[in-house]
Amino acid sequence: SGAGGQEEAEGPSRATAMLRHLLLKLRATGPVTVAEYMREALTNPGQGYYTRRGGIGESGDFITSPEISQVFGELIGIWYISEWIATGKPKAFQLVELGPGRGTLTDDILRVFNQLASLLSKCDVSIHLVEVSPKLSKVQALMLTGGKVQSDPKDSSAYMKGVSKTGIPIFWYRDIQDVPPGYSFYLAHEFFDALPIHKFQRTEKGWREVLVDMDPEVPDQLRFVLSPSSTPATENFIQPEETRDHVEVCPDAGVIIERLACRIEKDGGAALVADYGHDGTKTDTFRGFRNHKLHDVLRAPGTADLTADVDFSYLRKMTQGRTATLGPIKQREFLKNMGIDLRLQVLLQNSHDTATHEQLRHSYDMLMNPKKMGDCFNFFALLPHQRLADPDKKHKPESKSPVPPVAGFSELLLK
Ligand code: SAH
């Protein structure tokens, strides 16, 4: 979506409706937090960006790794299979994806599962997608099932269900809490960066939260203001030892990662999180994208993707030690460790068409080049403690570890 006459013609009226809604709200209640503004702009049920537009892909507002190359999803599929083998091939697993976008990543993973069908033949695999956008859930259903889905099934907590082209059941939910318990592999690719953040600014009088307000000088325009005093959020989210002058916190991400950690601790499995982000060092990263260009975050809310870097140190903290964590490591390192070079060679050998060769090399460069997506995207994993710890090692440090290494993460950064 995004390009094309119809979309453009619809654009301005939608922007006005969202802005009108926000101005009404600001007039009635006063300034709102950046988190509240972001939540409205992205996932308001009537006018939100993801609800209505969700322009992922070449013709949309932003492009993601799974949309660039099938190799990306294939290697992630192999990561899950490798974890499944490392934990003794459990009889069943759920693959749970948060914010599946167009469904491309799950589609590529399912192709790998299908190619390894003999290995998985005795395993009961099911797919669980957590998606708030009705528009994107339709796109996913079309991609994964060919569109044959059932809404509000009686026998499930899902709002929609279907069967993949390869015969695997797929369920859709609005919230991770609706996904049934059980041994699960979780996947969050460019999901946490879309969740609402709070912003805080250090001032001479102490920490103040950044708020969004109407601009009294310019009609129909929004502006940032600082809260006149400290708020419960400033008390809760700023650590006493904080050294930065500006801090972004995403409590929704904290809540979700804590849920994942609880579920993995209880039922086993693993979570793979991939996103752009930092380890608690960056300051102002809140930005908008529209038609692949940076877009003023306060302009035409609902028509642009709003995003902020993921703070992996905060995610690690919010696991509360329930699971071990690995990473974050750079995307190019993770993909290299997963064997992307070999996979590229195979695909190049399988084709004699120069246009295909060109395309394969171009997409490899997009994913791996440090100046493109190679360095700014990170991989981060949650794993049960027993997956990494070797209880015997303490006593016999020279003995060979029976615990297989976790694929993708060359250095085991145990934190
Ligand atoms: N993973 C995909 C899409 C990323 S865009 C890719 O990499 O291409 C973010 C996705 O998260 C969209 O599918 C959006 O609709 C969904 N999303 C945003 N906020 C959400 C929320 N609170 N709960 C569930 N899904 C959400």
Side-chain angles (χ1 to χ4, degrees), residues 76-77 79-100 106 109 113 120 122-132 155-159 161 168-189 191-192 195 250-275 310 312-328 379-392 402-409 412-415:
I76 288 181
W79 192 85
Y80 288 117
I81 296 289
S82 136
E83 276 310 298
W84 175 72
I85 294 172
T87 47
K89 303 184 185 169
K91 279 201 288 293
F93 71 78
Q94 310 189 124
L95 176 68
V96 183
E97 188 179 2
L98 307 174
T106 289
I109 292 173
F113 288 180
L120 285 168
K122 289 196 191 73
C123 184
D124 185 6
V125 181
S126 55
I127 305 292
H128 304 262
L129 305 177
V130 180
E131 176 58 73
V132 282
D155 56 342
S156 163
S157 54
Y159 67 78
K161 74 171 187 183
I168 291 177
I170 311 186
F171 302 86
W172 279 263
Y173 313 82
R174 285 182 194 89
D175 197 292
I176 179 76
Q177 276 178 301
D178 299 333
V179 178
Y183 184 98
S184 302
F185 291 127
Y186 300 92
L187 175 58
H189 183 262
F191 170 72
F192 285 108
L195 298 180
C250 183
D252 284 15
V255 169
I256 292 175
I257 211 80
E258 196 180 346
R259 275 196 193 126
L260 297 188
C262 284
R263 292 171 71 115
I264 292 170
E265 182 183 37
K266 192 161 166 286
D267 297 324
L272 198 56
V273 175
D275 226 310
V310 172
F312 289 102
S313 70
Y314 176 68
L315 297 190
R316 190 184 299 117
K317 188 178 131 214
M318 293 305 286
T319 62
Q320 317 270 5
R322 292 177 198 280
T323 62
T325 65
L326 290 177
F379 278 75
F380 177 75
L382 307 188
L383 295 155
H385 285 295
Q386 63 270 27
R387 171 67 182 88
L388 300 177
D390 179 357
D392 290 339
V403 181
V406 177
F409 296 85
L412 294 191
L413 300 168
L414 284 171
K415 285 195 180 150

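Side chains included, hydrogens not; waters and symmetry mates left out as well; all remaining heavy atoms used.
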Hey, are the side chains of [X] and [Y] touching, using non-hydrogen atoms and a 4.5 Å cut-off?
X: K89; Y: W84; answer: yes
X: F185; Y: V125; answer: no
X: V273; Y: F312; answer: yes
X: I109; Y: I76; answer: yes
X: R263; Y: Y186; answer: yes
X: L315; Y: L382; answer: no
X: L388; Y: V403; answer: no
X: D252; Y: F192; answer: no

With sequence neighbours left out, what residues match [X] under salt bridge (charged side-chain N to carboxylate O under 4.0 Å, His left out)?
X: E97; answer: none
X: K317; answer: none
X: R387; answer: E83

Verdict with reasoning, V130 to F191, per side chain to side chain contact (heavy atoms under 4.5 Å, CB included): CA-CA 10 Å; V130 180; F191 170 72; 5.7 Å; no

